[in-house]
Amino acid sequence: MTAVTAVRGIDPAALDELRRIVGDRYVLISDGDVEPFSRDATPLFRARPDAVVLPADTAQISAVLTLATRLGIPVTPRGAGSNLSAATIPEHGGIVLVLTRMNKILEVNAGELLAVVQAGATTAELYDAAAALGLLYPPDPGSRTVSTVAGNVAMCAGGLRGLKYGVTRNYVLGLEAVLPTGEVIRTGGRLWKDVAGYDLTRLLTGSEGTLAVITEITVGLLPLPATAGTGVAYFDDLSDAGRAVARIIADGVLPATLEFLDNRCINAVEDFAGLGLDRQAGALLLFGDDGSAEHVELSLDRMAATCAAIGARGVTRARDVVESDALLAARRCSLPALARLAPITMLEDVTVPRPKLAEMVRTIDAIAARHEVVCATFGHAGDGNLHPTIVFDPHDGDARLRAEAAFDEVFHAAMNLGGTITGEHGVGAAKRPWLNARLGEDQMALLRRVKTAFDPAGILNPGKLGS
Ligand SMILES: Cc1cc2nc3c(=O)[nH]c(=O)nc-3n(C[C@H](O)[C@H](O)[C@H](O)COP(=O)(O)OP(=O)(O)OC[C@H]3O[C@@H](n4cnc5c(N)ncnc54)[C@H](O)[C@@H]3O)c2cc1C
């Protein structure tokens with residue numbers, strides 16, 4: 001995991017051309033202006049772009065990409081830059097293409113159960129616009145107030161509702177996108193059922209800005225559930241929480257939320273937000289469901305009973321929406337709470353089959369102890385998706401090397417258990433060293449052939465996803 005410096009420049013004539021396409025004020029080149037775009041939410045990665053370009057519409061993006069392909073200028077698409085895998089670090093310099101000016105909610109259609117948004121609309125804006133018409137956009141990443149919908153699509157973001165509702169890919173019906181060569185394509189459309197041709201919508205979903213620039217997204221919506229409820233169970237041991245998760249799902253309950261925090265997370269969150277959590281507990285399991293009042297009541301009763309039967313040291317239910325929101329806040333603020341423990345917070349993102357959850361948690365703890373790193377783990381227990389997080393002070397001797405060595409073992413351990421190196425945060429530059437081990441040579445070669453078909457000059461987010 002290393003920072004890479006820019007290696008190419010953009011000649012003055014090309015800069016003039018960019019200014020002509022998007023307007024002078026939307027081409028940034030000074031150190032101060034481009035600095036925020038040299039990094040994203042991933043620690044330790046940084047590279048300076050030669051220019052930051054902020055287009056206003058699809059036609060401008062097409063013109064920028066046509067120019068970039070002609071001159072071989074690298075282009076890194078970017079939304080809010082909230083990704084956690086160094087996916088927007090412009091390792092080869094060139095242009096960072098920022099989509100945040102294209103941020104309109106174009107349509108919310110209750111009759112068709114869909115919405116159409118521009119790339120740079122935030123997830124929360126889409127959620128709120130749908131909710132205003134009694135509809136639900138289920139994908140719910142913790143970053144939803146800042147992350148863009150196109151960023152979610154490009155990373156196939158998950159979130160707190162994954163178990164019951166799936167992830168971003170389950171809601172993308174159609175895309176407008178611009179190929180690196182400048183052609184504007186439309187994939188899918190407004191249909192829930194459409195199997196004509198290869199599913200390019202799914203291919204672009206999770207493509208991490210390497211195949212095309214997404215400009216407009218059509219998403220499917222659901223009716224907004226009538227009500228929701230949340231409860232919390234505390235366990236002496238994280239393994240018990242893992243067993244409770246397996247039992248809840250085996251019992252046929254499909255909760256909207258099933259999240260966990262280990263003891264270090266509980267204490268960090270309590271220090272951060274003072275929510276009255278049980279600081280002595282080895283693990284906290286947050287369980288929740290939505291639907292009709294009767295359904296929610298029954299579902300929460302069953303989950304509470306299962307946690308008690310597994311030996312929870314305490315089980316409580318939120319009495320109202322305010323209490324429910326406070327419990328969900330405990331989960332949502334895990335990352336900022338942990339970030340206060342030390343200057344560097346390395347958050348990872350492995351997923352294992354659900355029955356292996358408890359074993360993976362034990363393995364992470366053993367690895368952390370062996371490498372003498374401070375590691376806290378939280379995650380989407382219902383999806384088997386864990387976020388082991390190592391915090392350290394970069395001035396503390398070889399702390400960074402120990403953290404990297406620990407994560408290397410964590411990734412291999414996850415794969416050995418039938419899991420993966422990333423469940424929702426993507427590969428980016430951060431996970432690149434492990435992609436080959438996860439996919440194998442044949443699949444990597446196929447990925448590269450797909451990349452070439454979309455991007456013959458190799459300009460779009462070069463170096464990412466094995467390209
Ligand atoms: C506090 C916090 C909580 C988070 N919680 C979650 C979570 O619960 N679940 C989760 O999955 N992630 C989570 N994330 C990670 C992150 O928010 C997601 O990956 C999100 O989808 C990134 O959106 P963005 O707009 O910031 O995209 P960026 O970070 O700007 O870009 C991400 C990727 O998308 C590409 N991209 C962006 N826009 C386009 C476009 N228009 N066309 C083509 N490619 C594009 C970029 O090139 C890059 O590869 C969290 C991050 C933070 C900081």
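No experiment lies behind these values; they were computed from the predicted model shown. Values below: all heavy atoms of this structure, side chains included; hydrogens, waters and symmetry mates excluded. Ligands are counted one by one from 1 in listed order, and the atoms in each one are counted from 1 as well.
Evaluation of the side-chain hydrogen bond (donor to acceptor under 3.5 Å, both in side chains) test over residues 79-89, restricted to residues two or more places apart or in two chains, returns Asp40-Asn83, Asp40-Thr88, Asn83-Thr88. For residues 136-154, every residue pair satisfying the side-chain hydrogen bond (donor to acceptor under 3.5 Å, both in side chains) rule, not counting sequence neighbours, is listed here: Thr123-Ser147, Thr123-Asn152, Asp140-Arg332, Ser147-Asn152.
In terms of the salt bridge (charged side-chain N to carboxylate O under 4.0 Å, His left out) criterion, Arg438 has no residue partners (sequence neighbours excluded).
Protein residues with any heavy atom under 4.0 Å from ligand 1: Pro77, Arg78, Gly79, Ala80, Gly81, Ser82, Asn83, Leu84, Ala87, Thr88, Leu99, Ala119, Pro141, Gly142, Ser143, Ser147, Thr148, Ala150, Gly151, Asn152, Ala154, Met155, Ala157, Gly158, Gly159, Glu208, Gly209, Ala212, Val213, Ile214, Leu335, Glu424, His425, Asn461.
At a cut-off of 3.5 Å, with distance as the only test, a side-chain donor of Glu183 or Thr181 sits close to an acceptor on the other residue. Of the N and O atoms on the side chains of Asp349 and Thr422, at least one donor lies less than 3.5 Å from an acceptor on the other residue.
With hydrogens and angles ignored, the 3.5 Å screen pairs a side-chain donor or acceptor of Lys464 with a backbone N or O of Ile89.
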